[in-house]
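One structure below.
Starting from 1, each residue takes its place in the sequence as its number. Just so it is clear, the values below take in all heavy atoms, side chains as well, and ignore hydrogens, waters and symmetry mates. Just so you know, ligand 1 is whichever comes first in the structure, and atom 1 is the first atom listed for that ligand.
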Amino acid sequence: MDVLINVFVALHIIGIASLLGGFLTQMTAMGEGTARFNKAMLHGALTMLVTGVALVGLNQADDQIVNNIKIGVKLAVLIVVLGLVYVKRDEEKVGKGMFAAVGALTTANIFIATLWN
Ligand code: HEM
């Protein structure tokens, strides 16, 4: 079970790499007001959701303690990010404010995941 959990943690990290990496590639465009939500961001956010839910189930099945409040906060933040990226996925450019908000929420989720024990 440990190996399976670690595999899903690795997939979870690949998801955040895609979501944050997709955001970072658009930073210059964001400054010019021409950034768009790309597929790396959409698929990364979806990967976070699927692997995160799987990790909750796997950890519970393995009798590991899951911090439900921390997971709930991460989930709520991710739902906002995923909602925005999904709804605006076909827009050729997204406003600076909204784009920056998605980057800030994504970064916030990384700190929630790593600093909240
Ligand atoms: C962008 C959003 C997210 C980020 C940046 C993120 C980040 C991380 C990181 C870095 C880890 C490994 C470190 C650790 O074990 O604490 C982790 C573990 C985990 N994540 Fe996430 N996560 C996100 C969303 C989610 C969501 C939506 C869920 C559940 C619905 C979730 C559930 C879990 C679980 C169950 C673990 C392993 C158990 C734990 O140690 O807390 N994550 N996450």
Exercise. Tell me: protein heavy atom nearest atom 9 (C) of ligand 1, and distance?
Worked result: Ala113 CB, 3.8 Å

Exercise. With a 4.0 Å heavy-atom cut-off (strictly under), which part of Ile71 contacts ligand 1: side chain, backbone, both or neither?
Worked result: side chain

Exercise. Closest heavy-atom contact between Gly22 and Ala40?
Worked result: CA-CB, 4.1 Å

Seminar exercise, completed: Looking only at heavy atoms, the pair that brings Gln60 and Asn68 closest together is NE2-OD1, 4.4 Å

Exercise. Below 4.0 Å from any atom of ligand 1, is there a heavy atom belonging to Val56?
Worked result: yes

Exercise. When the ring centroid of Phe99 is compared with that of Phe23, is the distance short of 6.0 Å?
Worked result: yes

Problem set entry | ligand 1-proximal atoms of Leu78, by part, heavy-atom distance under 4.0 Å | side chain

For this session: Give me the one residue out of Val87, Leu42, Val102 that meets side chain to side chain contact (heavy atoms under 4.5 Å, CB included) with Leu82.
Result: Leu42

For this session: Mind checking whether Ile16 contacts ligand 1 via backbone (N, CA, C, O), side chain (CB onward), both or neither, at a 4.0 Å heavy-atom cut-off?
Result: side chain

Exercise. Heavy-atom distance from atom 32 (C) of ligand 1 to the protein below 4.0 Å?
Worked result: yes

Seminar exercise, completed: Per-atom filter on ligand 1: closer than 4.0 angstrom to a heavy atom of Ile110 are 5 (C)

Seminar exercise, completed: Logged contact type for Asn59 with ligand 1, heavy-atom cut-off 4.0 Å, is side chain

For this session: Quick one: closest heavy-atom pair of Met1 and Leu58, and the distance?
Result: CE-O, 3.9 Å

Seminar exercise, completed: Within 4.0 Å of some non-hydrogen atom of Leu75, the atoms of ligand 1 are 27 (C), 30 (C)

For this session: Measure the spacing between NZ of Lys74 and CG of Asn67 and express it to the nearest 0.5 Å.
Result: 9.5 Å

Exercise. Under 4.0 Å from atom 16 (O) of ligand 1, is there any protein heavy atom?
Worked result: yes

For this session: Can you confirm whether something in the protein, heavy atoms only, sits under 4.0 Å from atom 42 (N) of ligand 1?
Result: yes

For this session: Would you confirm whether Gln26, through its side chain, and Arg36, through its main-chain N or O, come within 3.5 Å as a donor-acceptor pair?
Result: yes

Exercise. If atom 21 (Fe) of ligand 1 is the vertex, what is the angle to NZ of Lys74 and NE2 of His12, rounded to 10 degrees?
Worked result: 170°

For this session: Starting at OG1 of Thr47, measure out to CD1 of Ile13 and round the result to the nearest 0.5 Å.
Result: 13.0 Å

Problem set entry | Minimum-distance protein heavy atom relative to atom 28 (C) of ligand 1 | Gly52 CA, 3.5 Å

Problem set entry | Taking every non-hydrogen atom, the tightest pair across Thr51 and Met48 | OG1-O, 3.5 Å

Exercise. Do the side chains of Leu49 and Leu55 join up, straight or via other hydrophobic residues, at under 4.5 Å, putting them in one cluster?
Worked result: no

Seminar exercise, completed: Looking only at non-hydrogen atoms, the one of Gln60, Gln64, Met48, Lys70 nearest atom 3 (C) of ligand 1 is Met48

Exercise. Does the protein put any heavy atom within less than 4.0 Å of atom 13 (C) of ligand 1?
Worked result: no

For this session: Considering only non-hydrogen protein atoms, determine which one is nearest to atom 36 (C) of ligand 1 and report residue, atom name and distance to 0.1 Å.
Result: Leu55 CD1, 3.7 Å

Exercise. How far is atom 2 (C) of ligand 1 from its nearest protein heavy atom, and which residue and atom is that?
Worked result: Asn109 ND2, 3.0 Å

Problem set entry | Separation between CG of Leu84 and CE of Met41, rounded to the nearest 0.5 Å | 9.5 Å

